[in-house]
Amino acid sequence: MAVLEVKNLKKSFGANTVLKGISFSLERGEVLSIIGSSGGGKTTLLRCLNFLEIADEGEIIVDGESVFHIDADGKACVPQNSGEYMGLVFQQFNLFPQYSVMDNLTLAPKLAAKKRPNYKQEKKEIISQIEEQAREMLKITGLSDKESSYPCQLSGGQQQRVAIARALMMSPEILCFDEPTSALDPELTGEVLKVIKSLKDSDRTMIIVTHEMDFARSVSDKVMFVSDGVIEEMGTPDELLVNPKSEKIKSFLSLIKKDGI
């Protein structure tokens, strides 16, 4: 059974239709890279998958459970606990500057823990478990020595790795990245891509919007080219990045190579 099924997802902003019917599926542990020119709908698709934007039509199914659909009255049904299904790492880190690294990682899990019926009785143990989990995430991302640091004391690459660790704290079924290296200097890109590759090795299901074609080829099981709100072509990295069928993809890849993006 697929861990993720997306069926006919559509999204418009006023008269501008950004997603025109996106459908695809992912197996557990697969990595999907989404490529395409700016304005094609890649980021909107990620935001709809993470319920930061609400799609106008379609369905999202995770582990066989419909977590988003439009009911008979035209109302969008969205999960309250969306963080269990999807995690999103943004381009610009979005860390809280007034909080330490540890607090950035533990804030959302601690707020969620307060809703547990046993929270008052087991508060100390629950908080201890959350903080231990945070230290494990920092270990995974190579930041064990930074738990007391503040975002302003970290490099851009370190801040993005904190953002990855924070997304992992909610143990989402699928981890999404929206151009995770676009805000970084070239010398800092490698450390972030190394962490993402290590997550693939641990069998995590991931969706990555990226312009790093070499990275997409090395880490992905599938590559999707999105253009004008539709999936122009989808297949293996070799099929799309080495021997694409679509003239749009050929043109896109030639521009990427020419511009050194």
Side-chain angles (χ1 to χ4, degrees), residues 2-27 29-50 52-53 55-61 68 86 88-92 174-184 186 189-190 192-193 196-197 200 205-261:
V3 69
L4 173 66
E5 294 177 82
V6 177
K7 297 183 177 181
N8 198 35
L9 215 61
K10 297 181 181 180
K11 178 63 180 178
S12 296
F13 296 96
N16 182 24
T17 302
V18 180
L19 301 180
K20 301 175 182 178
I22 299 289
S23 300
F24 66 93
S25 64
L26 278 180
E27 300 296 321
E30 282 190 325
V31 176
L32 168 67
S33 286
I34 303 177
I35 64 173
S37 301
S38 297
K42 305 183 304 298
T43 293
T44 298
L45 173 58
L46 275 196
R47 290 180 65 84
C48 286
L49 291 177
N50 283 271
L52 298 176
E53 300 286 353
D56 302 319
E57 296 182 37
E59 185 177 18
I60 300 171
I61 301 170
F68 170 83
M86 302 282 181
L88 178 59
V89 178
F90 299 89
Q91 296 179 29
Q92 298 291 339
I174 299 143
L175 186 58
C176 303
F177 298 85
D178 187 8
E179 298 190 19
T181 61
S182 65
L184 301 178
T189 295
V192 173
L193 297 184
I196 297 174
K197 282 186 177 181
K200 174 180 172 60
T205 308
M206 295 186 284
I207 300 174
I208 307 168
V209 169
T210 183
H211 280 104
E212 299 278 350
M213 295 300 110
D214 289 340
F215 172 69
R217 186 178 178 187
S218 68
V219 78
S220 305
D221 299 291
K222 297 176 180 176
V223 178
M224 177 196 296
F225 182 82
V226 175
S227 177
D228 298 322
V230 299
I231 299 174
E232 181 74 17
E233 191 173 337
M234 184 172 178
T236 67
D238 283 347
E239 286 171 343
L240 261 75
L241 302 179
V242 180
N243 297 301
K245 298 176 182 177
S246 167
E247 291 300 321
K248 285 186 178 181
I249 302 178
K250 292 177 182 178
S251 177
F252 170 76
L253 293 175
S254 66
L255 287 173
I256 289 284
K257 185 175 181 180
K258 179 181 177 181
D259 295 340
I261 297 176

Short question: side chain of [X], backbone of [Y] - any donor-acceptor pair under 3.5 Å?
X      : Y      : answer
Ser227 : Gly40  : no
Ser254 : Ser251 : yes
Ser220 : Arg217 : no
Asn8   : Gly58  : no
Lys42  : Phe225 : no

Which atom of [X] lies closest to which atom of [Y], heavy atoms considered:
X      : Y      : value
Leu45  : Leu19  : CA-CD1, 3.9 Å
Val223 : Pro237 : CG2-CA, 3.8 Å
Lys197 : Ser218 : CE-OG, 3.3 Å
Met234 : Leu32  : CE-CD1, 3.9 Å
Gln91  : Thr43  : NE2-OG1, 4.5 Å
Leu241 : Pro244 : C-CD, 4.5 Å

In Å and rounded to the nearest 0.5 Å, what is the [atom1] to [atom2] distance from [X] to [Y]?
X      : Y      : atom1 : atom2 : answer
Glu30  : Ile174 : CD    : CD1   : 11.0 Å
Asp56  : Lys11  : CG    : NZ    : 4.5 Å
Lys222 : Thr236 : NZ    : OG1   : 11.0 Å
Asn243 : Ile249 : CG    : CD1   : 11.5 Å
Ile208 : Leu46  : CD1   : CG    : 10.0 Å
Leu4   : Ile60  : CG    : CD1   : 7.5 Å

Side chain to side chain contact (heavy atoms under 4.5 Å, CB included) evaluation trace for Phe90 with Leu52
CA-CA 12 Å; Phe90 299 89; Leu52 298 176; 3.9 Å; yes

Under 6.0 Å from the [atom1] atom of [X], do we count more than 12 heavy atoms belonging to anything else shown?
X      : atom1 : result
Asn16  : CG    : yes
Glu27  : CD    : yes
Lys245 : NZ    : no

Side chains of Thr189 and Phe215, heavy atoms from C-beta outward: is any pair under 4.5 Å?
no

4.5 Å side-chain heavy-atom contact, His211 and Ser182:
no

Can you list the steps and then say if Arg47 with Asp178 is a salt bridge (charged side-chain N to carboxylate O under 4.0 Å, His left out)?
CA-CA 9 Å; Arg47 290 180 65 84; Asp178 187 8; over 6 Å; no

Apply the side chain to side chain contact (heavy atoms under 4.5 Å, CB included) test between Glu212 and each candidate in Ile196, Thr181, Val219; give the one that qualifies.
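Between Glu212 and the candidates, side chain to side chain contact (heavy atoms under 4.5 Å, CB included) is satisfied uniquely by Thr181.
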
For Leu9 and Phe68: C-alpha separation, side-chain torsions, deciding distance, then whether side chain to side chain contact (heavy atoms under 4.5 Å, CB included) applies.
CA-CA 10 Å; Leu9 215 61; Phe68 170 83; 4.3 Å; yes

Judged by modelled atom types alone, do Glu233 and Ser246 share a side-chain donor-acceptor pair under 3.5 Å?
no

Side chain to side chain contact (heavy atoms under 4.5 Å, CB included) between Glu53 and Phe13, worked out
CA-CA 10 Å; Glu53 300 286 353; Phe13 296 96; 3.7 Å; yes

